[in-house]
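Scroll down for the structure; my scribbles are underneath it.
Only heavy atoms go into these numbers, but all of them, side chains included; no hydrogens, no water, no symmetry mates.
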Amino acid sequence: MQQPYQRILLAIDLSNDIPDALEKSASYARHNNIQLDILFVLDPTIIVFGNAQAELSDENLYHLEKKGSKQLKEIKNKLLAAGSSVYQIHTHLRFGDPRIIIAQEFPAEYRNDLIILGKTQKNHLQRFFTGSVSSYVIKTAHPDVIIMR
């Protein structure tokens, strides 16, 4: 019987609530010998309202990029220590609108056939201004989507 998924995209926000989604995704990839792309998207726009938007400074963006890269490296090392293959685990850091990158751009580029998202870390005000990433991905993504709690 053919494995239904060949390449999984796990989109994370580097919060403290990702271990469950990370562990389950990595375990599934390890046991089924498929690839796992772990993606963190840095959104330089902190708020958008009408035609105006506020963006992070270059210095703040640089520090967030360094922190994100460091955390992704730690995640990869942890998964490799747990038995995942270096050929299975791939980490990626992107800049831009997380909704567009997760739902459309990244899966098209890497041919992911499953997207896994963790629960949101945004508060009600942030979701009001930027929209829910999960809702957008569910509505627009071509691959299957799973939301993990």
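Atom CD1 of residue Ile116 and atom CG of residue Leu10 lie 6.0 Å apart, to the nearest 0.5 angstrom. Note that the CD1 atom of Ile8 and the CG atom of Asn112 stand 9.0 Å from one another [nearest 0.5 Å]. Atoms CD and CG, from Glu109 and Leu9 in turn, are 11.5 Å apart once rounded to the nearest 0.5 Å. With rounding to the nearest 0.5 Å, the separation of CZ in Phe106 from CG in Leu39 is 5.0 Å. In this structure, CD1 on Ile100 lies 7.0 Å from CD on Glu105, to the nearest 0.5 angstrom. Between the OH atom of Tyr5 and the CD1 atom of Ile146 there is a distance of 5.5 Å, given to the nearest 0.5 Å.
With sequence neighbours left out, Ala141 forms a side-chain contact (heavy atoms from CB on, under 4.5 Å) with Ala103, Ile115, Val137, Pro143, Val145. By the side-chain contact (heavy atoms from CB on, under 4.5 Å) test, Thr91 is found to be paired with Ile38, Leu72, Lys76, residues two or more places apart in sequence or in another chain being considered. The side-chain contact (heavy atoms from CB on, under 4.5 Å) check on His90 picks up Arg7, Gln35, Asp37, His92, with sequence neighbours excluded.
The backbone N or O of Ser85 sits less than 3.5 Å from a side-chain atom of Gln88, completing a donor-acceptor pair. In terms of modelled atom types and a separation under 3.5 Å, the side chain of Asp97 and the main chain of Arg99 share a donor-acceptor contact. Checked by atom type and distance alone, the side chain of Ser69 pairs as donor or acceptor with a backbone atom of Glu65 at under 3.5 Å. Within the 3.5 Å criterion, the main-chain N or O of Pro98 finds no donor-acceptor partner in the side chain of Asp43. Within the 3.5 Å criterion, the main-chain N or O of Ala21 finds a donor-acceptor partner in the side chain of Ser25.
Two different hydrophobic clusters hold Tyr136 and Phe40 under the rule that ILVMFWY side chains link at heavy-atom gaps under 4.5 Å.
For Tyr62, the OH atom counts as loosely surrounded, since its 6.0 Å shell holds 12 or fewer non-hydrogen atoms of other residues, nucleotides or ligands.
Taking every heavy atom of both residues into account, Arg30 and Ser84 meet most closely at NH1-OG, 2.6 Å. The two residues Tyr28 and Pro4 have their closest heavy-atom pair at OH-CG, 4.3 Å. Contact between Val41 and Gly96 at its shortest, heavy atoms only, is CG1-O, 3.5 Å.
Put simply, the side chain of Val133 reaches to within 4.5 Å of the side chain of Ile102, judged on heavy atoms. Side-chain atoms of Ile75 and Ile89, non-hydrogen and from C-beta on, never get closer than 4.5 Å to each other. You'll find the side chain of Leu80 reaches within 4.5 Å of the side chain of Val86, heavy atoms only.
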Would Gln71 and Lys66 count as a side chain to side chain contact (heavy atoms under 4.5 Å, CB included) if you check the C-alpha gap in whole Å, the side-chain angles of each, and the deciding distance to 0.1 Å? CA-CA 9 Å; Gln71 286 181 295; Lys66 284 190 68 127; over 6 Å; no
